[in-house]
Amino acid sequence: MPRITLPDGSVREYPEPVSGAQIAASIGPGLAKAALGVKVDGQLHDLGHVIDRDARVSIVTEKSRDGQPDPDALYLLRHSAAHVMAEAIQKLKPGTQLVYGPPVENGFYYDMRFPDGASLSSDEFARVEEIMAQIIKANRPFCRYEMPVGEGMKKLEREGSRYKIDNAQKAIEAGSDRLSFYATGKPGEDWEDLCRGPHVPSTGRIGAFKVMSLASSYWHGDENSDRLTRVYGTAFANQKDLDHHLKMLDEARKRDHRVIGKQLRLISLNEDVGTGLVLWLPNGAIIRRELEEFLRKARSDRGFVWVNTPHIGKLNLYRTSGHFPYYADSQFPPLVDAEGLSRSLLAHGGGCGCADIANAMAAPEVDGFLLKPMNCPHHIKIYEADQHSYRDLPIRLAEFGTVYRYEQSGECHGMTRVRGFTQDDSHIFCTPEQLSREIDIDIELARMVLAEIGLNDYRVRVGLRDPQSSKYVGSAENWALAEKVCIEAARGIGVPYSIEPGEAAFYGPKIDFVAKDSIGREWQLGTVQVDYNLPERFGLNYIGADNEKHRPIMIHCAPFGSLERFIGILIEHFAGDFPLWLSPEQVRILTISEKFAEYAGRVHREIGAAGAFRVSLDDTPERLQAKIRKATEEKTPYMLIVGGKDAEAGTVSIRHRTEGDLGSVPLERFLKLLREEVETHGRATILDAVRPS
RNA sequence: GCCACCGUAGCUCAGUGGUAGAGCACUCCCUUGGUAAGGGAGAGGUCAUGGGUUCAAGUCCCAUCGGUGGCUCCA
């Protein structure tokens with residue numbers, strides 16, 4: 001006699017156990033038709049799932065109440081589409097072994113292993129989609145059936161499905177006493193798969209789908225295990241949602257910082273220089289310099305002092321800090337002189353393969369230099385350059401410090417994942433009493449930076465250590481202390497925060513700012529990290545009021561993270577339309593004909609004389625339309641069009657790169673507005689001031 | 001590092017075994033025009049590199065280098 005509570009609070013009683021489909025039907029024929037699954041006390045199930053006790057139930061349909069695609073519906077659709085895709089691929093490539101096919105953020109994937117000699121190419125996606133379309137058109141039901149584990153295992157063994165047997169064993173270990181299978185159609189006749197479910201009622205409910213891409217993966221994510229092929233797809237309830245998704249992907253592609261970075265001549269990646277090494281062209285260097293100057297001032301205002309340190313340091317420095325032993329795989333090999341190298345190779349067996357060199361270098365007596373993977377050890381040595389009293393603290397050191405990390409070749413990506421990059425790094429050394437205030441200063445700085453850039457939608461992530469892992473340095477007490485401080489600081493920020501074990505740096509927990517860009521993608525930007533461990537490893541101290549030595553605490557803070565990555569993200573966020581203060585070119589004067597070159601030249605000189613504006617003059621004999629098109633494509637924020645009328649009246653006609661003609665204003669007024677927009681970082685714009693209402 | 005795909009003019013790309021192409025950009029000439037491409041001419045390529053198959057290779061095969069999408073990784 002189950003009493004069913006619906007999302008609107010109403011309660012329905014049923015005389016006997018009832019399925020999700022029956023509940024939907026009892027509410028209305030429209031809902032029965034739209035139903036894709038059922039959620040019982042927060043658990044998603046097949047629509048056919050039978051409820052035999054009191055429960056809170058909602059019927060899952062394609063749209064949630066806010067009109068957006070329902071996440072549960074997408075889960076069901078995509079999980080089901082994964083089955084359909086697997087069936088299609090197995091039909092196309094007989095003998096393919098299935099591994100695991102879950103829904104993921106924007107779709108689903110299925111890991112599979114092709115028989116020897118076979119593979120899937122993206123050229124075959126259309127064929128896979130054809131077969132999928134047939135299966136969907138046939139509208140076969142997803143039929144769940146269960147077996148006791150013994151019988152189920154026997155069935156899997158008969159089928160010789162190594163990976164599925166492993167999945168089943170995992171389920172049994174997790175406490176399952178039955179195995180569930182889903183047939184796409186009739187059990188025993190049609191295609192089926194060991195699967196926990198749930199699924200949509202039938203294949204016909206998969207409204208729109210697409211096979212997206214191929215990747216490789218490892219079984220259990222272990223690189224020494226079997227290599228699998230991961231086929232990605234996506235599915236939506238209808239074509240419109242799929243089209244919208246594809247449009248977003250296309251929009252993201254159009255904003256790709258590698259494409260825009262090339263078009264706007266911001267940066268260059270050159271294979272002769274090396275993978276993951278960014279060349280800043282003059283235009284990109286302007287953006288970088290503006291950001292650096294902005295942060296330089298912001299830091300100086302907050303009591304930071306500027307230092308400079310070299311790009312390399314001795315190996316022992318990084319042995320002490322822990323960087324060298326813990327991150328040996330992801331740094332460039334040490335720099336050792338030839339004599340030292342041959343000495344240590346001899347001492348370690350005499351081989352000179354990569355592994356031999358790596359082993360020889362790891363030996364504790366080897367001396368040499370390392371390209372710095374982080375700036376902190378150098379800054380620590382700057383702290384140590386003087387004896388410190390508690391009266392000196394806090395000491396706030398800052399540097400745009402370039403660091404090098406040997407990312408695996410497949411990891412490098414444009415400006416966002418590189419091998420050499422400049423951190424806007426800082427290290428505060430303070431007393432325990434000062435810690436909370438110093439963290440606040442760093443957090444305020446990081447938030448101010450985001451606000452000035454216009455990234456106002458962000459959340460905070462507190463990265464704690466993974467208690468299972470041994471990669472961290474320092475004592476448990478230090479970690480507990482630092483983690484507590486970070487969590488409290490995050491709580492005080494007033495934006496949503498999450499706590500994520502395993503996301504800490506190796507020396508301490510961190511507070512990361514994760515911002516949403518203009519098309520809704522999230523990026524990890526600034527970071528504030530609390531560190532009790534490096535001061536201890538280096539034996540740092542200050543003399544307290546008690547005339548005793550005490551250990552300072554360090555705070556690492558980088559509001560941008562790295563300039564390469566940050567500017568790469570900004571390129572995508574703005575799609576190249578940088579705010580005026582960051583634009584490589586701010587104003588371009590366009591002559592209507594060469595007859596007005598003299599007036600245009602005067603305007604050019606006056607703007608130049610009025611301040612450090614980046615202004616250029618296009619007085620070529622091209623037609624105006626062509627010049628406008630060129631300047632627009634080059635994303636110049638403001639074009640000033642000057643011809644006979646302007647020359648007579650002493651005005652300029654303003655054109656905005658995206659809003660078009662803004663009419664003409666006297667030159668002095670334009671200059672005043674220009675200065676205002678640059679100085680306010682775009683809070684007051686020329687566009688707003690003169691746009692015809 | 002692994003899997004799949006790709007590498008042709010400065011850029012974007014066409015060219016599936018038979019004389020290396022287009023558009024844009026560039027240079028020169030004409031055009032002097034009020035809000036997203038005026039017209040004409042010219043110059044520009046070891047088809048990533050090295051091997052192989054073939055009478056013949058940008059095209060087919062192998063290797064190497066580089067790129068892209070993922071995987072793994074990400075201090």
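Here is how names work: the chains are called A, B, and so on, in the same order as the sequence lines, proteins then strands, and each is numbered from 1.
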Fill in the blank from the handout: Letter by letter from the 5' end, nucleotides 65-70 of chain B scores (B base, S sugar-phosphate only, - none; protein heavy atoms under 4.0 Å) -SSSBB
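The same atom, P, is picked in B:rU53 and in B:rC61; the two are 15 Å apart, to the nearest Å. Taking atom C1' on both B:rG15 and B:rA75, the two are 48 Å apart, rounded to the nearest angstrom. Here the separation of B:rC73 from B:rC3, taken at their C1' atoms, is 16 Å to the nearest Å. Using atom C1' as the reference point in both B:rA14 and B:rG38, the two lie 27 Å apart (nearest Å).
Partner of A:Glu572 under the salt bridge (charged side-chain N to carboxylate O under 4.0 Å, His left out) criterion, chosen from A:Arg521, A:Arg258, A:Arg253: A:Arg521. Here the rule is side chain to side chain contact (heavy atoms under 4.5 Å, CB included) with A:Leu279, and of A:Ile267, A:Val273, A:Leu269 only A:Val273 fits it. Of the candidates A:Lys510, A:His556, A:Arg537, A:His427, A:Asp531 forms a side-chain hydrogen bond (donor to acceptor under 3.5 Å, both in side chains) with just one, namely A:His556.
Nucleotides of RNA chain B nearest to A:Lys510 and A:Val642 differ in position, and the one nearer the 5' end is that of A:Val642.
With hydrogens and angles ignored, a donor-acceptor pair under 3.5 angstrom links the side chain of A:Arg417 to the base of B:rC73.
The pair A:Glu634-A:Lys630 meets the salt-bridge criterion, since a charged nitrogen lies less than 4.0 angstrom from a carboxylate oxygen.
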Less than 3.5 Å apart, which donor and acceptor atoms pair up between the side chains of residues 615-625 of chain A and the rest of the protein, not counting sequence neighbours?
{"unit_1": "A:Ser616", "atom_1": "OG", "unit_2": "A:Glu585", "atom_2": "OE2", "d": "2.2"}
{"unit_1": "A:Asp618", "atom_1": "OD1", "unit_2": "A:Thr620", "atom_2": "N", "d": "3.2"}
{"unit_1": "A:Asp618", "atom_1": "OD1", "unit_2": "A:Thr620", "atom_2": "OG1", "d": "2.7"}

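A:Tyr109 carries A:Arg230 over the face of its six-membered ring, with the cationic atom under 6.0 Å from the centre and within 45° of the normal.
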